[in-house]
> 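This is the structure, below, for whatever I ask next.
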Amino acid sequence: MEASDTAADAASTAAEDSVTMDKIVALCKRRGFIFQSSEIYGGLASTYDYGHYGVLLKNNVKHEWRRAVVQERDDVVLLDAAILMHPKTWEASGHLSGFSDPLVQCMGECKRRFRYDHLVEDLEAGGKPTDHVVCPVCGGELSEPREFNLMFETNMGPVKDDASTIFLRPETAQGIFVNFKNVMQFARKKLPMGIAQIGKSFRNEITPGNFIFRTREFEQMEIEYFCAPAEAAAKHKEWMDARLQWYIDLGIRPDHLQMRKHEGDELSHYSSATSDVEYLFPMGWSELEGIANRGSFDLTQHAQFSGEKLEYMDPQTNEKYVPHVIEPSAGADRGTLAFMVDAYDEESVEGRERVVLRLHPRLAPVKVAVLPLFNKDGMPEKARALYEELRGVMQAEYDTGGSIGKRYRRQDEIGTPWGVTIDHQTLEDDTVTLRDRDTLEQTRIPINEVTGELVKRLAADWKTPKLT
Ligand code: ATP
């Protein structure tokens, strides 16, 4: 092994040692990122509400996704389809008959329910036999696995009968497929082209858990990229590379990411090839995003069930075909969690412990905190004026509460990359101290240069700082 590998291994081991899911959950609660839903009623299992900083962070994740897959490309357009869809959609997509997980229940003491495939995977990972699987909690016998459909069912309108049954969408993708014709008509684009959508999805997961990693209500960021059948394999590869690079560009350490190819029996009914971007979460390697080659499955099915022709005519060759589809499908909540986990760091500075979220500045909920050293002598006025200038161009915070050290710690914990301190010298020469969250370097700059300097830094490339 080369020396650089050893150093990278050591760094990643140290990071993994310091971050646990419990620490992330505690930080999220302490700083108001994410709360248990309906907490005053005792909470609703595995359901979470995002507070101020959580909303800002998740919005930034979604914004960066939109920037990368729409704004910085010529071939992808946006869509925002309704959550409620015609029930035939789910017949055509195969979700009604096939979107299920194998459920087993403990018939011993604890009566808990599990996903059978997860129990088998856990045993296999531990090198244990899988011929007689028992309850991992109490050792009781398990029921025979039965397929449990994950779609949430509800009724539309005042009459509750079979005809009124509809479903909360379990993925945003189908909203894109059923709009293929509409979008092609107005997008004025040729294939290959993609349709991107961010929105809520719902799955009645048997075993939700690991905080916001697996919940029953979550947000997805999905692209359906339509292309000629002959191009599909190459486009699949291009999207795999682009999506992996997106996480790296936004600060996730490359050695905490991997691309894992699905084996034959793991492939979904619609997919001819799928690879997952996986992240090294505290509970181990887990899926962040799936990138599937769905072939022509979806458009063919919807054409058959709706009677509409969902084809494309190549304007050069006049050849008609059903486009093939590459689908990069990411979770906004899972992504947010991964960015937080990877950015979490603890270090000792001059004998004092600090927790710091080393988030990429573009993801950080707050970009800059303006901190008057004292709440008197004209400092608040100067500070307030700078804050009002800054907040016109970026999320800023004005903080007068507590000692300066305490205020820095608070900003470090929410990941604010820069702090500007207004002190007595500011009153004399109009300079301020600009503090860097990661290097802790403090530089003195003219107050009228602060906004321009931070705008420049936000646009600049950024490398993950070395973790302690
Ligand atoms: P898993 O195997 O983890 O259940 P999946 O393969 O069923 O996920 P996909 O159907 O490929 O997931 O969904 C695409 C993405 O949507 C996932 O990579 C993940 O980021 C997100 N996602 C899926 N299910 C959930 C969930 N229950 N909670 C949070 N995010 C989810």
Side-chain angles (χ1 to χ4, degrees), residues 21 34 37 44-48 50 54 58 61-62 65 69 90 93-95 98-103 114-122 147-152 168-177 196-224 236 239-240 243-244 246-247 252 257-263 265-271 273-279 281 283-294 297-298 325-341:
M21 203 60 97
I34 299 169
S37 164
L44 181 66
S46 304
T47 315
Y48 296 93
Y50 284 72
K58 187 159 75 146
V61 171
K62 292 187 281 185
W65 181 85
V69 308
W90 309 113
S93 68
H95 282 81
F99 191 57
S100 55
D101 284 331
L103 167 74
F114 304 94
R115 258 179 75 171
Y116 183 69
D117 54 335
H118 282 177
L119 295 184
V120 172
E121 277 168 24
D122 289 347
E147 287 302 316
F148 173 77
N149 194 295
L150 301 184
M151 283 201 293
F152 275 99
L168 302 186
R169 67 179 178 200
E171 60 177 30
T172 68
Q174 299 304 325
I176 298 180
F177 295 125
Q197 165 162 247
I198 298 177
K200 287 250 172 160
S201 294
F202 302 82
R203 294 182 189 179
N204 202 359
E205 299 277 3
I206 296 168
T207 45
N210 283 316
F211 194 34
I212 55 169
F213 176 84
R214 190 187 306 284
T215 50
R216 294 189 170 113
E217 172 181 346
F218 54 95
E219 239 176 324
Q220 288 185 306
M221 310 187 288
E222 297 196 295
I223 304 155
E224 304 305 330
H236 190 206
W239 276 108
M240 286 197 289
R243 295 304 305 144
L244 186 65
W246 183 77
Y247 292 99
I252 294 197
L257 287 165
Q258 70 182 16
M259 192 64 85
R260 190 182 65 81
K261 197 168 181 271
H262 284 208
E263 297 305 331
D265 58 346
E266 199 189 344
L267 284 174
S268 308
H269 58 282
Y270 52 75
S271 172
T274 297
S275 287
D276 290 343
V277 179
E278 293 191 333
Y279 174 69
F281 282 98
M283 68 278 189
W285 288 104
S286 311
E287 175 180 336
L288 259 188
E289 169 162 354
I291 304 161
N293 181 347
R294 295 176 79 120
F297 175 81
D298 304 271
V325 178
I326 306 304
E327 178 194 73
S329 172
D333 309 88
R334 256 188 218 184
T336 300
L337 182 62
F339 286 118
M340 286 187 95
V341 167

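All heavy atoms count here, side chains included; hydrogens, waters and symmetry mates do not. All ligand and atom numbering here is 1-based and tracks the order in the structure.
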> One thing to verify: whether Arg294 and Glu171 come together as a salt bridge, which I'm taking to mean a side-chain N less than 4.0 angstrom from a carboxylate O.
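Arg294 and Glu171: salt-bridged.
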
> For ligand 1, which is the ligand I care about here, please tell me if Leu288 has any N or O atom under 3.5 Å from one of the ligand's N or O atoms.
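N/O-N/O distance below 3.5 Å exists for this pair.
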
> How long is the gap from CD on Glu287 to CZ on Phe213, to the nearest 0.5 Å?
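Separation between the atoms: 7.0 Å.
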
> If you take all heavy atoms of Ser100 and Glu147, which pair is closest and at what distance?
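So the two residues come closest at OG-OE1, 2.7 Å.
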
> When only distance counts, is Arg203 in polar contact with ligand 1, meaning an N/O pair under 3.5 Å?
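Yes, there is a polar N/O contact under 3.5 Å.
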
> Could you tell me whether some N/O pair between Glu222 and ligand 1 is separated by less than 3.5 angstrom?
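N/O-N/O distance below 3.5 Å does not exist for this pair.
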
> Considering only the protein, which heavy-atom contact is closest to atom 13 (O) of ligand 1, and what is its distance?
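Checked against all protein heavy atoms, atom 13 (O) of ligand 1 sits closest to Gln220 NE2, 3.4 Å.
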
> What protein heavy atom sits nearest atom 14 (C) of ligand 1, and how far away is it?
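Residue, atom and distance for the closest contact: Ser329 OG, 3.0 Å.
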
> Which atoms form the tightest heavy-atom contact between Ser329 and Glu222, and what is the distance?
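Here Ser329 and Glu222 meet closest at OG-OE2, 2.6 Å.
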
> Restricting to non-hydrogen atoms, name the atom on Val69 and the atom on Ala196 that form the minimum distance, rounded to 0.1 Å.
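Closest pair (atom of Val69, atom of Ala196, distance): CG2-CB, 4.3 Å.
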
> With respect to Phe218, determine whether any N or O atom, backbone or side chain, lies less than 3.5 Å from an N or O atom of ligand 1.
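In this structure, Phe218 places no N or O atom under 3.5 Å from an N or O of ligand 1.
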
> Who's closest to atom 1 (P) of ligand 1 heavy-atom-wise, of Arg214, Glu205, Glu171?
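Going through Arg214, Glu205, Glu171 one by one, Arg214 has the nearest heavy atom to atom 1 (P) of ligand 1.
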
> Hydrogens and angles aside, do Gln174 and Ser93 bring a side-chain donor and acceptor to less than 3.5 Å of each other?
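No pair is found: no donor N or O on one side chain lies under 3.5 Å from an acceptor on the other.
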
> When you measure from atom 29 (C) of ligand 1 to every protein heavy atom, which one gives the shortest distance, and what is it?
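The closest heavy atom on the protein side is Phe213 O, 3.1 Å.
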
> Students should be able to answer this: which protein heavy-atom is nearest to atom 11 (O) of ligand 1, and at what distance?
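Sorting protein heavy atoms by distance from atom 11 (O) of ligand 1 puts Glu287 OE2, 3.3 Å first.
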
> Let me see the working for Tyr279 and Leu337 under side-chain contact (heavy atoms from CB on, under 4.5 Å), right down to the final yes or no.
CA-CA 10 Å; Tyr279 174 69; Leu337 182 62; over 6 Å; no

> What protein heavy atom is closest to atom 28 (N) of ligand 1, reported as residue, atom name and distance in Å?
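Sorting protein heavy atoms by distance from atom 28 (N) of ligand 1 puts Thr215 N, 3.0 Å first.
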
> Which residue and atom name correspond to the protein heavy atom nearest atom 21 (C) of ligand 1, and how close is it?
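It is Gly331 CA, 3.8 Å.
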
> Which atoms from ligand 1 have a heavy atom of Glu289 less than 4.0 Å away?
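Those of ligand 1 that fall under 4.0 Å from Glu289 are 18 (O).
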
> About how many Å separate CG of Asp333 and CD1 of Ile34, when rounded to the nearest 0.5 Å?
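The CD1 atom of Ile34 sits 8.0 Å away from the CG atom of Asp333.
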
